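Heads up, the thing below is written out as structure tokens.
Just so it is clear: chains get the letters A, B, ... in the order the sequence lines come, proteins before strands, and each one is counted from 1. Since the model is a prediction, treat every value here as computed from it, not as a measurement.
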There are 2 protein chains.
Amino acid sequence: MPKKRVLPYIILGLLKNNGEMTGAEITAEFENEIGEFWQTTHSQIYPELKRMVADEWVLLEPDAVDKKKKWYHLLPSGQAALAQWLATPLTTTTDDEFPLRLFFLQHRDEPLLQSLITQELTLHRDKLEHLNQRLTTLFSNPQTQIDNYGHHLILKRAIERETNNIHWLESTLQELQA
Amino acid sequence: MPKKRVLPYIILGLLKNNGEMTGAEITAEFENEIGEFWQTTHSQIYPELKRMVADEWVLLEPDAVDKKKKWYHLLPSGQAALAQWLATPLTTTTDDEFPLRLFFLQHRDEPLLQSLITQELTLHRDKLEHLNQRLTTLFSNPQTQIDNYGHHLILKRAIERETNNIHWLESTLQELQA
DNA sequence: AGATACATGTAACCTGTTACATGATTAA
DNA sequence: TTAATCATGTAACAGGTTACATGTATCT
């Protein structure tokens, strides 16, 4: 699966939330909040910021007193890019984008919130169905379960995980609509 | 996090389970069983097999009739390498190795099975504790929950996921010891 | 003034993906 | 006997990690 670039959007999201930030501040975020579901280092962030300046997604403004600091501000086209990313439909191959996107939806009344969860719900329902199908395909014969004990375990685990996931998404969605 | 190389061990595991295989057969496995939790293509597999031949982990034997087919057999040092990999302690940074290793433990009475699950259990208990700590650190103030709705959601989700995971691991372990 | 830490930047490397390419076998 | 497919192999590329490097500010 071709890993989609999300780093620029994370940076955009951070800038939106915080107004203005330096590269070091952005880097620090990946050791705190965001670090839970996405990792990177300054070696990626600085070149990325450079690109984003070139694309006019962000504005660079040197610090007035500290010559080594550089402040980055969100520009309108950057804001637009972020909005577009958040509105892009989720696909199975972008599993780990879900928590990231949620992270940048700060308020309960964000219109995208409900649609995001609905999309994720569909994906996981499909996955669960697929897993159940594999279970019957591979392990309807009880002897196979014994001869491939580990494999059977993982499959059962995956099914339970998806079930739990779906349950949570459903109740969250319900709570959201209340 | 530096991604650990696991492809050679997957290949070793496949060869152990199936006796002898061609590169194409190995490739095919990544579209079926193994594809559920690990992806790759022939472009990685063929060079890897070459390396493994050089390391004397596997033996190459051309097909007697079909000149384009090449059969690979497990050699003792390959078997040893596989055993060593399976015995290596799990770490937090090797999350997705757990299902892979389970996959190659074919029988309920594999001595490594119980220790593997115990290790995974410890890791997830630690993670759950960490997540709970973050929850209190970040969201003890109710207003923060409202101002960072998405973030709060993910964190709650992660906690539920880990709780479910731990529960499954515990009951599996119990079933195993019965 | 010298040492340490801060903020930024770049280079080398490693892994995995996509695309390209070739000889052997099978099908039309 | 040409076309399509199979089995293997390599090259080009993209992403991210580690390591290296430089100027600035702070601390003692």
Side-chain angles (χ1 to χ4, degrees), chain A residues 1-11 14-15 18 20-32 34-35 37-54 58-72 91-97 100, chain B residues 1-11 14-15 18 20-32 34-35 37-54 58-72 91-97 100:
Chain A
M1 40 176 162
K3 267 212 173 173
K4 262 175 71 182
R5 288 180 56 72
V6 296
L7 182 54
Y9 304 105
I10 300 178
I11 295 177
L14 287 171
L15 289 176
N18 299 23
E20 58 171 14
M21 299 178 83
T22 66
E25 282 177 345
I26 293 169
T27 302
E29 288 283 322
F30 287 88
E31 283 148 21
N32 307 324
I34 298 209
F37 29 90
W38 205 269
Q39 277 93 36
T40 190
T41 61
H42 75 273
S43 315
Q44 253 189 299
I45 290 167
Y46 288 116
E48 192 62 58
L49 283 168
K50 210 172 179 180
R51 255 171 265 146
M52 293 168 75
V53 170
V58 297
L59 179 73
L60 187 160
E61 192 181 1
D63 189 281
V65 302
D66 192 335
K67 282 177 188 170
K68 68 178 185 295
K69 280 189 185 175
K70 295 183 180 177
W71 295 94
Y72 293 92
T91 65
T92 347
T93 53
T94 58
D95 245 2
D96 38 7
E97 275 189 35
L100 271 183
Chain B
M1 39 176 164
K3 267 211 174 174
K4 261 175 72 182
R5 290 179 57 71
V6 296
L7 181 56
Y9 303 104
I10 300 178
I11 295 177
L14 287 171
L15 289 176
N18 299 23
E20 59 172 14
M21 301 179 83
T22 67
E25 283 177 345
I26 293 170
T27 302
E29 289 282 324
F30 287 88
E31 282 147 22
N32 308 323
I34 298 211
F37 30 88
W38 205 269
Q39 277 93 36
T40 191
T41 61
H42 74 274
S43 314
Q44 252 191 300
I45 290 168
Y46 287 117
E48 192 63 58
L49 283 168
K50 211 171 178 178
R51 254 170 267 147
M52 291 167 76
V53 169
V58 297
L59 179 72
L60 188 161
E61 191 181 1
D63 190 281
V65 303
D66 192 336
K67 282 178 188 170
K68 68 178 183 297
K69 280 189 185 175
K70 295 182 180 178
W71 295 94
Y72 293 91
T91 65
T92 348
T93 54
T94 59
D95 247 2
D96 37 7
E97 276 189 35
L100 271 182

Query raised in the report: Ignoring hydrogens and geometry, is there a side-chain-to-backbone donor-acceptor pair from B/Q44 to B/T40 under 3.5 Å?
Result: no
Query raised in the report: Distance-only, no hydrogens or angles: does the A/D63 side chain make a donor-acceptor pair with backbone N or O of A/D66 under 3.5 Å?
Result: yes
Distance check needed: [N] [atom2] versus [X] [atom1], whole Å only.
X     : N      : atom1 : atom2 : result
B/E61 : D/dT8  : CD    : P     : 14 Å
B/R51 : D/dT10 : CZ    : C1'   : 13 Å
A/I26 : C/dC6  : CD1   : P     : 18 Å
B/R5  : C/dC14 : CZ    : C1'   : 9 Å
A/K67 : C/dG9  : NZ    : P     : 16 Å
A/L7  : D/dT17 : CG    : C1'   : 14 Å
B/L49 : D/dT8  : CG    : C1'   : 10 Å
B/D96 : C/dT15 : CG    : C1'   : 14 Å

When you check the phosphate oxygens OP1 and OP2 of [N], does a side-chain N or O of [X] lie under 4.0 Å from one of them?
X     : N      : answer
B/K70 : D/dG9  : yes
A/Y46 : C/dG9  : no
A/K50 : C/dT10 : yes
A/Q44 : D/dG15 : no

**Report entry** Nearest-nucleotide pick for A/Y72, side chain only, options being C/dT17, D/dA25, C/dG9
**Finding:** C/dG9
**Report entry** Options C/dT25, C/dA19, D/dG9, nucleotide nearest the side-chain atoms of B/S43
**Finding:** C/dA19
Report task. Could you go through the side chain to side chain contact (heavy atoms under 4.5 Å, CB included) check for B/L100 and B/I10 one step at a time? Result -> CA-CA 8 Å; B/L100 271 182; B/I10 300 178; 3.7 Å; yes
**Report entry** First of B/G23 and A/D66 reached from the 5' end of DNA chain D, by closest nucleotide
**Finding:** B/G23
Report summary line: Comparing nearest nucleotides in DNA chain D, the 5'-proximal residue of the pair B/K69, A/H42 is B/K69
Query raised in the report: Using a cut-off of 4.0 Å on non-hydrogen atoms, how would the nucleic acid contact of A/V6 be classed: base, sugar-phosphate, or nothing?
Result: nothing
Report task. Using a 4.0 Å heavy-atom cut-off across all strands, classify B/T22 as base, sugar-phosphate, or nothing. Result -> sugar-phosphate
Report summary line: Minimal heavy-atom distance between A/F30 and A/W38, with the atoms involved, is CD2-O, 3.6 Å
Query raised in the report: Can we say B/E20 and B/K70 salt-bridge, meaning some charged N sits less than 4.0 Å from an Asp/Glu carboxylate O?
Result: no
